[in-house]
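Read through the structure below, which is laid out as structure tokens, and then see the notes.
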There are 2 protein chains.
Amino acid sequence: MADQHELRDKGLRLTPQRELVLQAVRELGHATPEEVAEKVRATHPGINLSTVYRNLETLENVGLVQHTHLGHGGATYHAAEELTHLHLVCGDCGSVGDAPIDVAANFVQNLADDYGFRTDVSHFAIYGTCAACVK
Amino acid sequence: MADQHELRDKGLRLTPQRELVLQAVRELGHATPEEVAEKVRATHPGINLSTVYRNLETLENVGLVQHTHLGHGGATYHAAEELTHLHLVCGDCGSVGDAPIDVAANFVQNLADDYGFRTDVSHFAIYGTCAACVK
DNA sequence: CGCTACTTGCGAACTACTTGCTTCTTGGAG
DNA sequence: CTCCAAGAAGCAAGTAGTTCGCAAGTAGCG
């Protein structure tokens with residue numbers, strides 16, 4: 001598995017727990033640490049919450065996962081491969097929709113041109129009201 | 001004061017503490033509940049943190065202040081009058097810059113057209129790297 | 001196969017925020 | 001001007017989410 005490479009290059013190991021955490025993130029799409037832990041417990045009940053937290057942090061350093069703020073305060077994790085969309089969080093119903101990252105391309109360009117600011121659009125959710133709740 | 005109106009219309013009161021909280025938010029531009037509390041304590045040392053939290057919530061319901069997520073998890077409050085800009089948070093140095101809301105106009109329009117999503121751009125910070133750190 | 005450094009599990013500690021309860025205060029009514 | 005009900009403040013305990021310390025376990029190089 002290529003993942004092993006990413007880890008070992010930094011002197012890290014691919015432990016069963018770590019593998020499970022990564023797999024859980026990939027399957028869940030986006031999930032809070034708590035949700036990841038729950039998922040992992042399905043196949044490995046003894047895993048500790050702090051292990052999940054540590055592994056998410058580790059995997060993030062290596063670049064295999066990334067976190068996003070969806071608003072409630074807690075971070076939400078993604079597999080790095082999926083980071084091609086941004087999140088539309090509805091303040092009314094709480095749903096989280098996706099949109100391809102290029103709807104923001106123009107916006108990102110504006111910020112780069114006018115402020116020299118290099119934007120990571122997917123890091124924060126976009127807050128508003130979804131189509132269903134607007135009605 | 002007009003504020004009194006906004007409050008009383010909803011059966012709420014204008015207490016010294018509430019006034020101070022509002023004033024602190026206005027003076028600070030944007031601040032975490034903790035920072036507001038600290039500011040208020042300068043002139044009213046006995047104020048309780050929970051009072052600040054409750055007042056921020058109350059003032060938000062009335063529409064005099066609004067909160068934004070800047071990322072660390074805690075909310076950040078603004079006076080409603082100042083909500084005409086969005087926040088550029090730098091992941092490297094942690095600085096928070098402002099940008100007029102119209103740089104996002106295009107982006108907002110895209111989301112509205114393609115997804116029927118009504119965006120509140122200022123609610124979440126825009127994450128990235130500021131000009132100074134890009135160098 | 002053995003060793004060493006990285007990891008895990010677990011409990012306790014922390015931080016940021018919330019809630020319950022009692023006492024005090026605001027502000028409209030009399 | 002005084003009274004009173006409802007709202008608000010203060011305090012303290014509670015909760016959620018996350019981190020830390022340390023002893024025991026284990027991946028993986030040699």
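Everything quoted here is computed from the prediction, not taken from an experiment. Chain letters run A, B, ... following the sequence lines, proteins first and then strands; every chain starts at 1. What you see below is based on every heavy atom in this structure, not just the backbone, and it leaves out hydrogens, waters and symmetry mates.
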Using 0.5 Å steps for rounding, measure from the [atom1] atom of [X] to the [atom2] atom of [Y].
| X | Y | atom1 | atom2 | result |
| --- | --- | --- | --- | --- |
| B:Y77 | B:T68 | OH | OG1 | 10.0 Å |
| A:H67 | A:L56 | NE2 | CG | 10.5 Å |
| A:R18 | A:T58 | CZ | OG1 | 4.5 Å |
| B:C130 | B:L88 | SG | CG | 9.5 Å |
| A:L86 | A:D102 | CG | CG | 9.0 Å |

side-chain contact (heavy atoms from CB on, under 4.5 Å) with B:N106: which residues, sequence neighbours excluded?
-> A:N106, B:N110

When the distance from [atom1] of [X] to [atom2] of [N] is rounded to whole Å, what number comes out?
| X | N | atom1 | atom2 | answer |
| --- | --- | --- | --- | --- |
| A:N61 | C:dC6 | CG | P | 14 Å |
| B:Y77 | C:dC17 | OH | P | 9 Å |
| B:E19 | C:dT26 | CD | P | 11 Å |
| A:L20 | C:dT7 | CG | P | 16 Å |
| B:N55 | C:dT26 | CG | C1' | 14 Å |
| B:L12 | C:dT25 | CG | C1' | 15 Å |

Using the ring of each side chain (for Trp, its six-membered ring), is B:H87 parallel, tilted or perpendicular to B:H30, with breaks at 30° and 60°?
-> perpendicular

Got a sec, which hydrophobics cluster with B:Y53, joining ILVMFWY side chains under 4.5 Å apart, including via others?
-> B:L49

Test for a donor-acceptor pair under 3.5 Å between the base of C:dT25 and the side chain of B:R13, counting only N and O atoms.
-> yes

Check whether more than 12 heavy atoms from other residues, nucleotides or ligands sit under 6.0 Å from atom CD of B:E27, and answer yes or no.
-> yes

Counting only non-hydrogen atoms, which of residues 34-52 of chain A are less than 4.0 Å from DNA chain D?
-> A:L49, A:S50

ring-ring contact (aromatic ring centres under 6.0 Å, His included) partners of residues 94-119 of chain A, not counting sequence neighbours, each pair once = A:F107-B:F107

In degrees rounded to 10°, what angle is found between the helical axes fit to the five outermost pairs at each end of the helix from C:dC1-D:dG30 to C:dG30-D:dC1?
-> 30°

Starting from the 5' end of DNA chain C, give me the residue, A:G11 or B:P16, whose nearest nucleotide shows up first.
-> A:G11

Is B:R54 touching bases, backbone alone, or none of the nucleic acid, heavy atoms closer than 4.0 Å?
-> base

Range on DNA chain D touched by chain B, heavy atoms, distance below 4.0 Å = D:dA6 to D:dC11

Test item: side-chain donor near acceptor, B:E19 and B:Q23, under 3.5 Å = no

